[in-house]
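Read the structure below first, then the notes.
Below, all heavy atoms of this structure are taken into account, side chains as well, without hydrogens, waters or symmetry copies.
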Amino acid sequence: MHEWLEALRKSAKATSEGVQAEEVRRAETECGVPFPEDLADLYQALNGGEFQGEVRLFPLRGEDGEPSVLEKSRLMVVGLPAAGVWRFGLKGAHRHLFVARKSAMEEQGDGGGPLPGWVDALDGDTWVFGTWDGEKKEMRLYRALKDMLEVL
């Protein structure tokens, strides 16, 4: 397990046991979107949880009526790409945690203004992690999931 995942697990207020790799593959098939490697590693280590700073990671699949990655990723959020995005949690009540390919952000993203300059150097297939606050229309992007979670 990656060191950053172990540190995340230790900092959790509450977590659930991770899912099997085949469960991640089943989610990819259902949504038609691959999981970035870091996100797959996260869900194989822990299936959602609550953390310091009002950070909540959704479980891959939720119980009755409970929010989940699969449910939230299927729902469009103004400001985020309509397709090819995984929404996997919240910080506070309104800041969505997501990951999308650079190409989807360029083609479909309509919030937060222009992408930061460091994104220009990335290939279109590269995953970009971020947070989106729909109320404030504020987006923050990160190159890696580890970087984003450290800030949150």
Open item on the list: Go through it in stages, so that I can follow the logic: the residues are Arg143 and Thr126, the test is side-chain contact (heavy atoms from CB on, under 4.5 Å), and I'd like the CA-CA distance, side-chain angles, deciding distance and then a yes or no.
Closed with: CA-CA 9 Å; Arg143 180 62 193 98; Thr126 302; 3.3 Å; yes

TODO: Start with the C-alpha gap between Arg56 and Phe51, add the side-chain angles, then the distance that decides, and say whether side-chain contact (heavy atoms from CB on, under 4.5 Å) holds.
DONE: CA-CA 6 Å; Arg56 178 174 180 215; Phe51 303 88; over 6 Å; no

Do the non-hydrogen side-chain atoms of [X] and [Y] ever get within less than 4.5 Å of each other?
| X | Y | value |
| --- | --- | --- |
| Pro81 | Glu107 | no |
| Leu42 | Leu8 | yes |
| Trp4 | Asp147 | no |
| Gln44 | Gln20 | no |
| Arg26 | Arg61 | yes |
| Val99 | Val85 | no |
| Lys72 | Val77 | no |

For [Y], does its backbone N or O pair with a side-chain atom of [X] as donor and acceptor, under 3.5 Å?
| X | Y | result |
| --- | --- | --- |
| Trp132 | His94 | no |
| Arg101 | Asp125 | yes |
| Asp133 | His96 | no |
| Thr15 | Ala12 | no |
| Arg87 | Phe58 | no |
| Ser103 | Gly124 | yes |
| Arg9 | Ala45 | yes |

Taking atom [atom1] of [X] and atom [atom2] of [Y], what is their separation to the nearest 0.5 Å?
| X | Y | atom1 | atom2 | value |
| --- | --- | --- | --- | --- |
| Leu145 | Phe129 | CG | CZ | 4.5 Å |
| Lys91 | Leu149 | NZ | CG | 11.0 Å |
| Lys10 | Leu5 | NZ | CG | 12.0 Å |
| Leu80 | Met139 | CG | CE | 5.0 Å |

Task: By side chain to side chain contact (heavy atoms under 4.5 Å, CB included) - contacts of Arg74 (at least two apart) - done: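 Partners of Arg74 under the side chain to side chain contact (heavy atoms under 4.5 Å, CB included) test: Glu30, Cys31, Leu70.
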
So, are [X] and [Y] salt-bridged, with charged N and O less than 4.0 Å apart?
| X | Y | result |
| --- | --- | --- |
| Arg95 | Glu138 | yes |
| Arg25 | Glu28 | no |
| Lys102 | Glu106 | yes |

Open item on the list: Test of understanding: with salt bridge (Lys or Arg N to Asp or Glu O under 4.0 Å), list the residues that count as partners of Glu71, not counting sequence neighbours.
Closed with: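 Listed in chain order: nothing, the list is empty.
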
Task: Inter- and intrachain pairs under ring-ring contact (aromatic ring centres under 6.0 Å, His included), touching residues 20-43, at least two apart - done: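 Of all non-adjacent pairs touching residues 20-43, those that pass ring-ring contact (aromatic ring centres under 6.0 Å, His included) are Phe35-Trp86.
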
Open item on the list: Show, in sequence, the C-alpha distance, side-chain angles and deciding distance for Leu57 and Val69, and conclude whether the side-chain contact (heavy atoms from CB on, under 4.5 Å) test is met.
Closed with: CA-CA 8 Å; Leu57 300 179; Val69 174; over 6 Å; no

Task: Crowding at CD, Glu17 (>12 non-hydrogen neighbours, <6.0 Å) - done: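 Atom CD in Glu17 is not crowded, with 12 or fewer foreign heavy atoms closer than 6.0 Å.
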
Task: Residue pair Glu150, Lys146: steps toward the salt bridge (Lys or Arg N to Asp or Glu O under 4.0 Å) verdict - done: CA-CA 6 Å; Glu150 285 176 354; Lys146 173 186 176 277; 3.1 Å; yes

